[in-house]
Q: 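Questions regarding the structure given below will be posed in turn.
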Amino acid sequence: MLLSGVVVALSSLITIPEKISPMAKLMRDMLKFVKEERVQIEAGKEPLPFPKNFERIKTAKVTPGKKPAKDHEQYLTSFLTELNAYYKAKDINERKQSLNILINTCIACHEEECPGPIQTIKTNRF
Ligand code: HEC
């Protein structure tokens, strides 16, 4: 009993840093972005500032062992194109459609490179 208490106390002191790649970190920001934009749209609010750092998708290092797909360049180009298009949408309806299209570009790449998060990503479509 006492020992398990000590173990709990110790493990809350020592937080082992989770090792994730720069690409995975960027992707978590991208998922957060999609979720936040969905909320903005639902509330009828303006988009958040343009996420300039998403350009890093071109160069961010991936987890060792993960291989880019044959059409990697094409996937990231269409993602960045649709991200720009999202910011050009004129009204809420256009933004909804545009967010869906953007999310589809996430999924297209994920089908080839990293299927794990697809379901989570999909739930953000309108
Ligand atoms: C050009 C390909 C590509 C596009 C486009 C892309 N992803 Fe990813 N994504 C990846 C790769 C590759 C990984 C694995 C990264 C690693 O492990 O280093 C990943 C990983 C992730 C992860 C898991 C991160 C973690 O915790 O390990 C999430 C969540 C994610 N992406 C969400 C998104 C969302 C949301 C979008 C669109 C807004 C998107 N991705 C667009 C290639 C892509």
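Read the numbers this way: they start at 1 and go in the same order the structure lists the ligands and their atoms. Keep in mind that the numbers below use all heavy atoms, side chains included, and drop hydrogens, waters and symmetry copies.
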Q: On the 0 to 90° scale, with breaks at 30° and 60°, tag the Tyr87-Phe50 ring pair as parallel, tilted or perpendicular.
A: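 Perpendicular, since the angle between the ring planes exceeds 60°.
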Q: Can you tell which of Val62, Ile118, Thr63 gets a heavy atom nearest to atom 17 (O) of ligand 1?
A: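 That would be Thr63.
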Q: For residues 30-48, which side-chain N or O atoms pair as donor and acceptor with protein atoms under 3.5 Å away, sequence neighbours left out?
A:
from  : atom 1 : to     : atom 2 : distance (Å)
Glu37 : OE1    : Tyr86  : OH     : 2.7
Glu37 : OE2    : Leu48  : N      : 3.0
Arg38 : NH1    : Asn124 : O      : 3.2
Arg38 : NH1    : Arg125 : O      : 2.8
Arg38 : NH2    : Glu42  : OE2    : 3.2
Gln40 : NE2    : Glu46  : O      : 2.7

Q: Out of Arg28, Glu112, Lys35, whose heavy atom sits nearest atom 25 (C) of ligand 1?
A: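 Residue with the shortest heavy-atom distance to the ligand atom: Arg28.
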Q: Decide salt bridge (charged side-chain N to carboxylate O under 4.0 Å, His left out) for Glu55 and Lys58; before the verdict, give the C-alpha distance in whole Å, the side-chain angles of both, and the deciding distance to 0.1 Å.
A: CA-CA 6 Å; Glu55 279 274 324; Lys58 292 178 181 166; 3.1 Å; yes
Q: Under 3.5 Å, side chain of Glu94 to main-chain N/O of Lys90, donor-acceptor pair present?
A: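 Looks like yes, one N/O pair under 3.5 Å.
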Q: Considering both backbone and side-chain atoms of Ser21, is one of its nitrogen or oxygen atoms within less than 3.5 Å of a nitrogen or oxygen in ligand 1?
A: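 Between Ser21 and ligand 1 (N or O atoms, distance only) the closest approach is under 3.5 Å.
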Q: Write out the residue and atom name of the closest protein heavy atom to atom 24 (C) of ligand 1, then the distance separating them to 0.1 Å.
A: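 So the nearest neighbour among protein heavy atoms is Ala24 O, 3.7 Å.
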Q: Going by the order shown, which atoms of ligand 1 are within less than 4.0 Å of some heavy atom of Tyr75?
A: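 Answer, ordered by atom number: 1 (C).
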Q: Measure across Ile57 and Leu26 and return the closest heavy-atom pair with its distance rounded to 0.1 Å.
A: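 Here Ile57 and Leu26 meet closest at N-CD2, 3.4 Å.
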Q: List nothing but the number: protein N/O/S atoms under 2.8 Å from atom 8 (Fe) of ligand 1.
A: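 Every protein N, O or S atom under 2.8 Å from atom 8 (Fe) of ligand 1 counted, the figure is 2.
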Q: With a cut-off of 4.0 Å, which atoms of ligand 1 are near a heavy atom of Phe79?
A: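 Every atom of ligand 1 under 4.0 Å from some heavy atom of Phe79: 5 (C), 37 (C), 38 (C).
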